[in-house]
Every structure is written in structure tokens, then in C-alpha cells.
2 protein chains.
Amino acid sequence: MARTTIKDIAEASGVSQMTVSNVINDRKSKASAATIEKINQAIKNLNYRPNMSARSLASSASKMVGVVIPFTENQNQLLLDNPFYAEMISGIESALREQGYYMMLAGVGESNVALDVISHWNVDGLIVLGIYPEGLYDLLKTMKLPTLLIDSYIEDDHFYHLRVDDDAAAFEATNYLIAQGHKNIALVTGAIREDGVIKRRLAGYNRALKQANLVQNPDYIFEGSVGFAWGQKAADKLIAQNKITAAFCTADLIAAGLLAGLHKNGKQIPQDISVMGFDNISISQMVYPALTTMDQEIVGKGRIAANLMTSLLTKKQVEREVETKVKIIIRDSVSKFKMRRDDV
Amino acid sequence: MARTTIKDIAEASGVSQMTVSNVINDRKSKASAATIEKINQAIKNLNYRPNMSARSLASSASKMVGVVIPFTENQNQLLLDNPFYAEMISGIESALREQGYYMMLAGVGESNVALDVISHWNVDGLIVLGIYPEGLYDLLKTMKLPTLLIDSYIEDDHFYHLRVDDDAAAFEATNYLIAQGHKNIALVTGAIREDGVIKRRLAGYNRALKQANLVQNPDYIFEGSVGFAWGQKAADKLIAQNKITAAFCTADLIAAGLLAGLHKNGKQIPQDISVMGFDNISISQMVYPALTTMDQEIVGKGRIAANLMTSLLTKKQVEREVETKVKIIIRDSVSKFKMRRDDV
DNA sequence: TTTATATGTTAAAGTGGTTTAGCGCAAAAC
DNA sequence: GTTTTGCGCTAAACCACTTTAACATATAAA
């Protein structure tokens, strides 16, 4: 017993395939109420489900949105154990699904073959998370698809952008640390790239220090990569700079690593060193002490991204650059500055 | 300029479409070496990429494998912020991709509509993570697809299974706690279901206690749900049973919550209470103290699942039940039992 | 009344692959 | 020496939808 097709529905309800198609897709030149009723009845009776492959072939549109995330360093595996991406993706997927679209995941790392796959399937649009080597953006442009970049500052009219005001957010975070009386504040961060968010966060950090007339010591800036391991390693370096009493990490994952590294060195947090994160990933409340951090509302941001994309795909007017909100979350990893013995 | 099709390749290399198709798909009745060369050349020159929709329509196979994971409780969002699923998925995806397949993610929760989507797209097989209401399995069977269940004990010839030896793993974990001298050992767990892994882990736990002639106190079993929040809540209940000196959690996520809850109550870990986890998700080394746990090699398990599936799809012989290995990882959350003041 | 416009519907022609059936021709088997 | 087998290749039909063009009929406008 083969699968029910649109043809079966047409025969069962005594109309042409085209009328059925019109009803299913809710097209302008609507069928009469009676016809619609008949057809819907038949669809229900015969348990008809449209075949997406046929639909996609005929219309060269797929109701699929490609979502690009990074691969792990050398494994070529989706960087899903980074909760930032995981949470963002579940946000994107849910909103996409609500709008009748489907998410197609693709990783990008040493190779871009995953993008080929995406193009084989005729995706309708692209949402790209994070930042990649230059070349990728050219490749993206050749695909001639509506493309939304999340958290990047690539300048090109082809792309739409979604991000927070990274400069302002870092400024606010640093100010919070300053307000707690800290004067020697480190920045622990991933790689600083011209077209990335971190450069803006660095600017916000510097701006806050300057406004408070604090020295901007380049030795207080620890640049590595976005990950737990780097945070752990940074702990040692940070301790070596023994005046530092607080650290602002540009990602919670780094902050979590920093916490672990500091613990290993026998430091108490926040008594010895205050740690501030960024993102508010789920892990930030699982570490000890729970992280004070900048909430990005990651899932919500993902949903906004998806909705922007579906608007684009339905030719609605969409701003080229959209900003989402940020909010400080106060937990237990930051405390007021207290003079330490060796500072006396 | 329209996309290059197989027809273009056929014309360019002076053969029929069918010959091109045969070469591309590497089919039995091979073309002559010369023809193959000509065709491959044309493919490269014209930058031809097969259209998957067309291929899928014509062959009613899609090179796609549906992967089913749970939705969040009431949000209908993919449960990706549970690192267990996130890690498993990146394993599945990478192995699938290496075999030329593509992963299609679908969530299941209050509704199963996501499964419809999957069937619209003609997926070739199904990998199902975790455990669901009875009804889902009937639905799964009606899809008449090769189906691999990960971590479930549903009895039905239709399904293939992949899991660890949950009983033995829990036995080993509990024995480790016993070997450290603990006598009053709690089990903190998600819901115990007839067809789930937890029932087997409970059995292993009980078996270890029995073998060591320890009392099996039902008050030492804390049944809730698999999640950080439940772990936190369980901490209070566990403390109320003041003889308990160690807890075996059936998931790292629960263990992480337990840690947080115990901290909040001023407990020291492992000095006051030892905590053992299960899974070895990435978070287990981020919490404080780092979790001693049972490693499931989640990513590897995902890869094994994917390889089983592709074997199934290529009609290779496959065992109906496959077991993966488990290994204890000793970190800092378990210590030897020490007599406490109030136990004197 | 005639003409224009909109509505509801349809038949036929794609969309880009694969499946099926079969055709020459050469080598192997009888 | 004839028949069988297998190889390399092809033409045509088909997969389940959408696009296009067009045709009645009803209603509104001139």
C-alpha cells in the first residue's frame, strides 16, 4: 500500500490536483468553502501527508533553514557541548518549527563540506552562529540566500545581523566590578578578532576603566580561546599578577574554567578573587560559586533569530541589524573588594 | 543561470543521463574507465551538485536519519541544554556524515508533530534517544523504518537497542562507594520506569548493597526527575536522613544539582558527603569538586549508534542488542568514609 | 447590453533525479 | 557454430508535487 498522494486526495474529493494543492498551501485564489471542506475531509480520512521532497523539487524551496555552527577543534564534530550553541539552537529550532520551517544543522571547521550538504537540500535561508575564517563569508555569499549572522561584525550588505550591544554590556559588567570597589580587574577572553564580539567587549571594558580613572594594564588582559580549558589555564597566569582582585570573563565557559583553576590553586571565590561571566548559560548556576554574569537570554535570542529569518523569507520588511537585550545576573562569584594582607 | 543538472553533465560528456547517474552513485554495471573519467571531469568543470530533493523523490530514500530527542518539559524545545543529549548528538552527526548520511533532529514531548515532519521528508531510519510514553513506540512502529533505541528496554522485535550494562555499571559504582567504607549510601535518581535504564541501575545498586550485607533502606532512595533542579531539591531531603555519607546519582546532572544543594546547606564535599555521578558529561569536571562518575563515552556511543544505523541501512548484518562500555572516572567528589562527631 | 474583473477550477508541462526494460556487441559456454 | 551471458550504455516512464496558462461562470462597471 503506497503512500497517499495529492492525486488520491484529488480523486477522493472529485477535484483536480491543483485545487488540492491550493487548499493545502492556502493560496490566494481560494477554493470555495465547500470544496475546502471536502478536501480537508479527504486529507483527514486518507491520512495524507505532503511529500516534502516532491514539494521542494517542484518549488525549489524547502521550508528548511540551514543553521551553521562551529565544529570542535580537530574532531569535526558539532560544537554542541558548548551550551551557548546548544541553547541557541533549541531556541532557533522551536521558533522555526512554530512557523512551519525546519532546521538543518551544519558544522563548519577545517572543511566546509557540510555547507555543500545544505545547498544540495535547497535550504531557503541561513543562520550563522559565531565567527569563521574570512573565506567562509565569501562562500556564504555565493549561495545567494538570505543570511543572518549572529554575533559577528562582518561588514557586508549581503548579511543581516543579530547581536547584543557588546560594548555596552562589557561596560556595564566592568562597572559592576568597579562599583564593588575593585581596582585591578582582569579581562579573560577568547581570541580578539577585528570582526568579532570580543573586540567590542574589550572596548567596553577599557571604557569603564578609563571612566573610573583606573590604569589599563595590558598584563591584565588574558587572551586565549573560548572554552573551559583556557579558563583553567588562565587561572595560573592571573594569580601571577598578584594585584588582581577581580576578573571579567567574556564567556561563562571561560569563567567556569577560571573558577576551577583558582580552586586548584587554593583560592577562595569570591573572597580572594571575584569572577564575572558573560552569557548566562545553564552551567553558570551549576558551578561553585554560582556565577554572577551578563544574561544574554540565549534561547530567546535564538527565537528572535528564527523569527527574523522567517520574516525575511516571507518578504516582510526586516532591519539589517537587530540588537537584543542584556541583563546583569547577580549570584555568588563577585563580592566587594576587601583589602588583603599583602596589599597593606 | 540555473543550477547545473545531471542533464547538463550528460550533454557535456556525450553520454546519457543514466550513465552519469550510474557513475555518480557508483553502481554495479560500471561504466568504462574512459567514460567515468569524462563524466567526472564534466562534473568538476560545471561544478555539479546533485539535487537531493529530486534524488529523494525518485528513489524514495533520502540519506537522512531522523534522531529523536525529548522536548523540554513545557516549552517544546529540544532538550539540548542537557549535555548528555548534546554530546550524543554531536557523536551521531559526525559518524552519520562520514558515511554520507545527514541527521534530521526531531523533538518529542506533549506532541509528536515533529515526527510527522520527519516522515514528510522520507527519512531512511530512526535513532531514538531516551524514553517516552508507551504510545510513541506504537507510532514509531507504524513508520516501518529501521529504528534504533538508545537507552531503553522496550521489548519489541521491531527495535534495535544500544545501551550500557546499566545493572553492572551501577553495581560497580555502588561497590566503589562501599569500598571507600561508606555504609549508608543514598540513590538519587530520576523516575523509575519499567522500561527504562534507571530500573536496572537501581537493581545494580541494590545488588551491591546486598552483597556487602548493608541494609537496603527505602528512605535512602530519592526518586525525582533527571535534572539539576531535582538534585538541588534532593539535597535537603538527603540531609534530613543524617546517617547518609554518600550518594550515588544516576545522572551527572542530578549530581551537579546535589552538589549545589549541599553547598547551600553548608556541607563540605566530599568530607561531609561523597557524591558519585553517572555519564561523565562535560559538566562533571566543571562543578566543584569535580565529579567522580561512571563514564559512558557519550560521543563514542553516539558514533556507534550512527554506525549501527548505516549498517542497517546497507543491509549488513547487525546485532539486535549492542552494549557499550563503561568506566569509572575518579575525581574529587568521593572520599573515604570517616566517622563523624555525631556518629560516635 | 456590453465589457471588464474577479473567482473557482483545470489540464498540461515542468522539477531533477532514479527505475525499468532493453539494445547492441563481444566473450564465454555448449 | 550457435547459444548464452555479461558489459556498457540508452530511452522512456515515473516520483509527487508546483507552475503556467487558460477556461468557464458570476459579478461589477461602463
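Chain letters run A, B, ... following the sequence lines, proteins first and then strands; every chain starts at 1.
A salt bridge (Lys or Arg N to Asp or Glu O under 4.0 Å) check over residues 134-155 of chain A, counting only residues at least two apart or in different chains, returns the pairs A:K141-A:D156, A:D151-A:K301. Residues in residues 112-128 of chain B take part in no salt bridge (Lys or Arg N to Asp or Glu O under 4.0 Å) pair, two or more places apart or across chains. For residues 305-318 of chain B, the set of pairs meeting the side-chain hydrogen bond (donor to acceptor under 3.5 Å, both in side chains) definition, not counting sequence neighbours, comprises B:Q99-B:N307. A ring-ring contact (aromatic ring centres under 6.0 Å, His included) check over residues 53-99 of chain A, counting only residues at least two apart or in different chains, returns nothing. Sorted by first and then second residue, the salt bridge (Lys or Arg N to Asp or Glu O under 4.0 Å) pairs involving residues 81-94 of chain B (not counting sequence neighbours) are B:E93-B:R97. Pairs of residues two or more places apart, or lying in two chains, that qualify as ring-ring contact (aromatic ring centres under 6.0 Å, His included) and include a residue from residues 114-136 of chain B are A:W121-B:W121.
An OP1 or OP2 oxygen of D:dT18 is reached within less than 4.0 angstrom by a side-chain nitrogen or oxygen of A:N25. Close to C:dT9, at under 4.0 Å from its OP1 or OP2, lies a side-chain N or O of A:T35. Within the 4.0 Å cut-off from OP1 or OP2 of C:dT18, not a single side-chain nitrogen or oxygen of B:S60 is found.
Counting to the nearest Å, the P atom of D:dA16 and the CG atom of B:N51 are 17 Å from each other. Whole-Å rounding puts the B:I36 CD1 to D:dG8 P distance at 9 Å. Computed from coordinates, the A:I39 CD1 to C:dG8 P distance equals 12 Å when rounded to whole Å. Atom OH in A:Y48 sits roughly 10 Å away from atom P in D:dA16 (whole-Å rounding). One interatomic measurement links the two molecules: CH2 of B:W121 to C1' of D:dC17, which rounds to 12 Å at whole-angstrom precision. Counting to the nearest Å, the C1' atom of D:dC9 and the CD1 atom of B:I9 are 18 Å from each other. Atom CD of B:E11 and atom P of D:dT10 are 13 Å apart (whole Å). Between the CG atom of B:D26 and the P atom of C:dT18 there is a distance of 13 Å, rounded to whole Å.
Every residue two or more places apart in sequence or in another chain that forms a side-chain contact (heavy atoms from CB on, under 4.5 Å) with A:A114 is listed here: A:A106.
Taking only side-chain atoms of B:L57, from C-beta outward, the nucleotide of D:dC9, C:dG17, D:dA16 with the closest atom is D:dA16. Ranking C:dG17, C:dT9, D:dC17 by closeness to the A:S32 side chain, first place goes to C:dT9.
Axis angle across the helix from C:dT1-D:dA30 to C:dC30-D:dG1, with five pairs used at each end and values rounded to 10°: 30°.
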For nucleotides 10-14 of chain C, print each protein N/O atom paired with a nucleotide N/O atom at under 3.5 Å, atom names and distance only.
unit_1 : atom_1 : unit_2 : atom_2 : d
C:dT10 : OP1    : A:S16  : N      : 3.4
C:dT10 : OP2    : A:S16  : N      : 2.6
C:dT10 : OP2    : A:S16  : OG     : 2.9
C:dT10 : OP2    : A:T19  : OG1    : 2.5

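Side-chain contact of A:S16 with A:T19: a donor-acceptor pair under 3.5 Å is present, judged by distance alone.
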Practice task
For side chain to side chain contact (heavy atoms under 4.5 Å, CB included), just list the numbers for A:V197 and A:S152, CA-CA rounded to whole Å, side-chain angles, deciding distance to a tenth of an Å, and then say yes or no.
Solution key: CA-CA 6 Å; A:V197 294; A:S152 98; over 6 Å; no
